[in-house]
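Convention: sequence-line order gives letters A, B, ...; per-chain numbering from 1. Note that the structure is a prediction, hence the values are computed from the model and not measured.
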Amino acid sequence: MSDAWIVVIVVGLVTIAIKALGPMLLGGKALPPRVTVVVALLAPALLAALVAVNTLGGDHELVVDARLPGVLAAGVAIKLRAPVLVVVVLAALVTATVRVVTQ
Amino acid sequence: MSEPGRGDRTSRDGVRAVAPLAIAVVGFGVSYGVLARAAGMGVLAPIVMSMTTFAGSAQFAAASILGVGGTVASAITAAVLLNARYAPIGVSVAPSLTGTWWSRFLHAQLTVDETWAVAAEGEGRFNPRVLLGAGVTLYAAWIAGTVLGVAFGDVIGDPSRWGLDAAFPALFLALLVPQLRDRRSVEAAVVGAAIALALTPFTPAGIPIIAASAGCLLGLRSRSAARPEERSS
């Protein structure tokens with residue numbers, strides 16, 4: 001079997017298992033109240049981390065590049081209560097424009 | 001089963017909520033297909049990976065490691081680390097998934113960053129119908145993009161230069177803002193982002209995100225402040 005197929009099969013099986021773990025073991029059962037309070041904060045903590053890493057993350061370094069103005073423009077659009085479609089398209093547009101201009 | 005308002009959302013609302021992103025996901029799928037093909041993964045393996053792994057960052061990491069001649073072990077390790085965040089994410093959606101085991105399994109497989117975030121209703125609750133609608137939409141978009149990239153990558157070129165990489169943090173930001181209902185959630189967000197950025201230069205990809213989930217441990221600090229404010233809308 002080729003390297004690619006080994007990676008595809010192993011990563012696929014492990015990912016399916018990781019995703020299934022919580023819902024298969026705990027599905028439908030209410031978590032203890034203290035755990036619920038903690039889990040409720042997982043969304044803001046993880047989403048903020050995803051914003052930060054997807055905006056500034058490089059290969060083992062933090063980089064300021066064309067993504068930052070795009071995401072800042074998105075922030076302004078969110079503040080102005082623009083629809084999500086406008087927010088996402090604006091971010092891509094600003095980033096693509098900055099890339100063209102600075103190249 | 002849920003309160004009125006956001007809890008009444010249907011699977012169609014889930015489709016609508018991720019529709020803005022579906023085009024970006026097709027574009028990213030094309031990028032992945034192009035990269036995987038160039039990395040020597042062949043035609044079928046990248047498509048099967050999109051159907052089974054269904055997690056962009058892990059697939060990109062695996063393909064780029066294979067592309068530069070990295071070992072199978074390092075490609076697998078990088079991809080698995082990047083997907084480790086789905087363990088806590090799975091625990092967070094588990095109480096909202098009340099169906100049979102196969103329905104829970106299906107919902108679990110469709111739970112990725114974007115679908116998880118649009119299905120969130122606050123206070124740790126998630127709408128399984130929104131999760132399903134959003135999940136099926138993104139799954140179809142991701143596979144369609146991968147097929148296009150693998151088949152026609154040399155004709156259409158790599159769309160990553162179009163600014164798609166900014167579309168994802170923009171969406172996550174748009175989903176984060178409504179989550180910031182009280183001081184505690186703002187603190188969790190700040191701590192999560194700070195941990196992720198602080199670790200990025202020093203750890204393999206994936207570790208910063210999984211470590212950032214420790215930000216939610218702020219919930220253990222004191223119980224009195226834990227009551228979220230009344231929802232305004």
Given side-chain contact (heavy atoms from CB on, under 4.5 Å), test B:E187 with A:L41 step by step and report yes or no.
CA-CA 9 Å; B:E187 286 170 4; A:L41 292 176; over 6 Å; no
Heavy-atom pairs under 4.5 Å with chain B are the metric here; pick the option from A:A91, A:A49, A:A74 that has the most.
A:A49
Chain A interface, residue from B:A24, B:G40, B:P169, B:G124 that has the most non-hydrogen pairs under 4.5 Å:
B:P169
Which atoms of A:I16 are under 4.5 Å from chain B, going by heavy atoms: the side chain, the backbone, both sets, or neither?
both
Taking every non-hydrogen pair under 4.5 Å, which of A:L13, A:T95, A:V71, A:V7 racks up the most with chain B?
A:V7
Shorter than 4.5 Å, heavy atoms on both sides: which option in A:I6, A:T15, A:D3, A:L21 has the most such pairs with chain B?
A:T15
Measure up the B:F168 and B:F28 rings against each other and bin them: parallel (under 30°), tilted (30 to 60°), perpendicular (over 60°).
tilted
Given that the side chain runs from C-beta out, which part of A:L46 has a heavy atom under 4.5 Å from chain B: side chain, backbone, both or neither?
side chain
Part of B:L97 within contact of chain A (heavy atom distance under 4.5 Å)
both
Kindly say whether B:D165 contributes a backbone atom to a donor-acceptor pair with the side chain of A:R67 at under 3.5 angstrom?
no
Side chain, backbone, both or neither: which part of B:L176 has a non-hydrogen atom closer than 4.5 Å to chain A?
both
Quick one: does B:L131's side chain get under 4.5 Å of B:F126's, heavy atoms only?
no
Indicate the atoms forming the closest heavy-atom contact of B:G42 with B:V150, along with that distance.
O-CG1, 4.4 Å
Greatest number of heavy atom pairs closer than 4.5 Å to chain B - which of A:V39, A:T55, A:T36, A:L62:
A:L62
Part of B:I89 lying under 4.5 Å from any heavy atom of chain A:
both
So which part of A:V10 gets closer than 4.5 Å to some heavy atom of chain B, the side chain, the backbone, both or neither?
side chain
Interface moiety of B:T71 toward chain A, non-hydrogen atoms closer than 4.5 Å:
neither
Could you check which of A:V88, A:V87, A:V98, A:V38 has the highest count of heavy-atom pairs closer than 4.5 Å to chain B?
A:V38
Walk me through whether B:S213 and B:R85 qualify under side-chain contact (heavy atoms from CB on, under 4.5 Å).
CA-CA 8 Å; B:S213 56; B:R85 68 183 181 284; over 6 Å; no
Among B:A196, B:G90, B:P201, single out the residue with the greatest number of heavy-atom pairs under 4.5 Å to chain A.
B:P201
Non-hydrogen atoms of chain A under 4.5 Å away: do they reach the side chain of B:L44, the backbone, both or neither?
both
Would you check if the side chain of B:Y32 reaches a backbone N or O of B:S57 as a donor-acceptor pair within less than 3.5 Å?
no
When A:A73, A:G22, A:G57, A:A48 are compared by non-hydrogen pairs under 4.5 Å with chain B, the top option
A:A48
Under 4.5 Å, counting heavy-atom pairs only, tell me which of B:A167, B:P204, B:A205 racks up the most with chain A.
B:A167
Contact part of A:A43 toward chain B, heavy-atom cut-off under 4.5 Å: side chain, backbone, both or neither?
both
If you count the non-hydrogen atoms of other residues, nucleotides and ligands that lie under 6.0 Å from CD1 in B:I23, is the total more than 12?
no
Please rank B:S185, B:A212, B:A79 by heavy-atom pairs under 4.5 Å with chain A and give me the top one.
B:S185
Please check: side-chain N/O of B:Q109 versus main-chain N/O of A:K19, any donor-acceptor pairing under 3.5 Å?
no
Which atom names give the shortest non-hydrogen contact between B:A189 and B:L180, and what distance separates them?
CB-CD2, 3.8 Å
If you count heavy-atom pairs under 4.5 Å between each of B:A39, B:A193, B:S92, B:G215 and chain A, which one has the most?
B:A193
Could you look at B:V112 and say if it's the side chain, the backbone, both or neither that has a heavy atom under 4.5 Å from chain A?
side chain
With a 4.5 angstrom heavy-atom cut-off, could you sort out which part of B:V191 is near chain A: side chain, backbone, both or neither?
neither
What part of A:I78 gets within 4.5 angstrom of chain B, counting heavy atoms only: side chain, backbone, both, or neither?
side chain
Mind running side-chain contact (heavy atoms from CB on, under 4.5 Å) on A:L56 and A:V64 for me, showing each step along the way?
CA-CA 6 Å; A:L56 298 168; A:V64 173; 4.2 Å; yes
Over 60° means perpendicular and under 30° means parallel, so tell me whether B:W142 and B:F60 are parallel, tilted or perpendicular.
tilted
In a check of side chain to side chain contact (heavy atoms under 4.5 Å, CB included) between B:P95 and each of A:V35, A:L31, A:L26, which one passes?
A:L31
Tell me, out of B:V177, B:V48, B:V190, B:L175, who's got the most heavy-atom pairs with chain A below 4.5 Å.
B:V48
With no hydrogens and no angle check, do the side chains of B:T100 and B:S103 hold a donor and an acceptor under 3.5 Å apart?
no
